[in-house]
Amino acid sequence: MKKRSFVALLLALPLCAPAWAQTDTLPDGLGKEIRTPEGLRKVIERKDPRFVIVDVRPPADYAAGHIPTAINIPGGITADVQAPPSKDKYMVLYCHGGMKSPAAGDKMLADGYRHVFVWGGILSWPYGRETSPK
């Protein structure tokens, strides 16, 4: 009986993940444009001023290596940030593996940010990373 319950749980998990992991409040299908590493890289390369890339990991992890142009807002809590981005910007959030950025996205939406996209985790970023002094 335990084995069946465990197998049923494992089968149900993939059905649950997309519901909370797909925070996308960007207009005009922009989320589809940046969903892949290649798409996000293109946005970064063209320096689109509408987008703010947000690393929600702890400051030490951010300093060790982050997606280029990303700012650090640990946990998505903007109250702790000296100069938070404008609430009309398109926020693209990522964490380490993609599990914590959805909760950070919820916090940012609750804080009044209208356009939030949960990108996932930096583990999916195959390109170079920037580092910051500690």
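We're numbering straight along the sequence, starting at 1.
In terms of the ring pair (Phe, Tyr, Trp, His ring centres under 6.0 Å) criterion, Tyr94 has no residue partners (sequence neighbours excluded). Judged as a side chain to side chain donor-acceptor pair (under 3.5 Å), and not counting sequence neighbours, Tyr113 has no contacts. For Asp88, the side chain to side chain donor-acceptor pair (under 3.5 Å) test picks out Ser86, with sequence neighbours left out. In this structure, the side chain to side chain donor-acceptor pair (under 3.5 Å) partners of Asp48, at least two apart in sequence or on a different chain, are Arg50. Here Asp111 pairs with Thr78 under the side chain to side chain donor-acceptor pair (under 3.5 Å) rule; sequence neighbours left out. Not counting sequence neighbours, Glu130 has no partner by the salt bridge (charged side-chain N to carboxylate O under 4.0 Å, His left out) test.
Asn72 has its side chain within reach of Pro74: a pair of non-hydrogen atoms, C-beta onward, lies under 4.5 Å apart. Side chains of Met108 and Ile77 form no contact here, defined as non-hydrogen atoms less than 4.5 Å apart. Inter-residue side-chain proximity for Lys89 and Met91 is flagged as met; some heavy-atom pair is nearer than 4.5 Å. Using a 4.5 Å heavy-atom threshold, the side chains of Ile53 and Ile71 count as separate.
Interatomic distance, Asp55 CG to Ile67 CD1, rounded to the nearest 0.5 Å: 7.5 Å. Considering CD1 of Ile34 and CG of Leu40, their distance stands at 6.0 Å, rounded to 0.5 Å. Rounded to the nearest 0.5 Å, atoms CD (Gln82) and CG (Asp80) are 12.0 Å apart.
Between Glu45 and Arg41, at least one side-chain nitrogen of the basic residue sits less than 4.0 Å from a carboxylate oxygen of the acidic one, meeting the salt-bridge criterion.
Met99 and Ile73 fall into different hydrophobic clusters, where Ile, Leu, Val, Met, Phe, Trp and Tyr are joined by side-chain heavy atoms under 4.5 Å apart, directly or via other members. If you chain together hydrophobic residues whose side chains sit under 4.5 Å apart, Ile44 and Val54 never meet in one group.
Residue pairs meeting the salt bridge (Lys or Arg N to Asp or Glu O under 4.0 Å) criterion with at least one partner in residues 62-79, sequence neighbours excluded, do not occur; the list is empty. Under the ring-ring contact (aromatic ring centres under 6.0 Å, His included) criterion, no residue pair touches residues 68-88, with sequence neighbours excluded. Residue pairs meeting the ring-ring contact (aromatic ring centres under 6.0 Å, His included) criterion with at least one member in residues 67-92, sequence neighbours excluded: Phe51-Tyr90, Tyr90-His115. Residue pairs meeting the ring-ring contact (aromatic ring centres under 6.0 Å, His included) criterion with at least one member in residues 28-47: none, sequence neighbours excluded.
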Can you give the donor-acceptor pairs under 3.5 Å from side chains of residues 121-128 to other protein atoms, not counting sequence neighbours?
| residue | atom | partner | partner atom | Å |
| --- | --- | --- | --- | --- |
| Trp125 | NE1 | Tyr127 | O | 3.4 |
| Trp125 | NE1 | Gly128 | O | 3.0 |

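The number of heavy-atom neighbours closer than 6.0 Å to NZ of Lys32, taken from other residues, nucleotides and ligands shown, is 12 or below.
Looking only at distances, a side-chain donor or acceptor of Asp24 sits under 3.5 Å from a matching main-chain atom of Leu26. Not a single donor-acceptor pair under 3.5 Å links the side chain of Thr131 to the backbone N or O of Ala63.
In this structure, Tyr62 stands alone, with no Ile, Leu, Val, Met, Phe, Trp or Tyr side-chain heavy atom under 4.5 Å from its own, directly or through other members.
The nearest pair of heavy atoms linking Cys95 to Val56 is CB-CG2, 3.7 Å. The minimum heavy-atom distance linking Ser101 with Leu93 is given by the pair O-CD2, 4.0 Å. Listed here is the closest heavy atom pair of Gly65 and Arg57: O-NH2, 2.6 Å.
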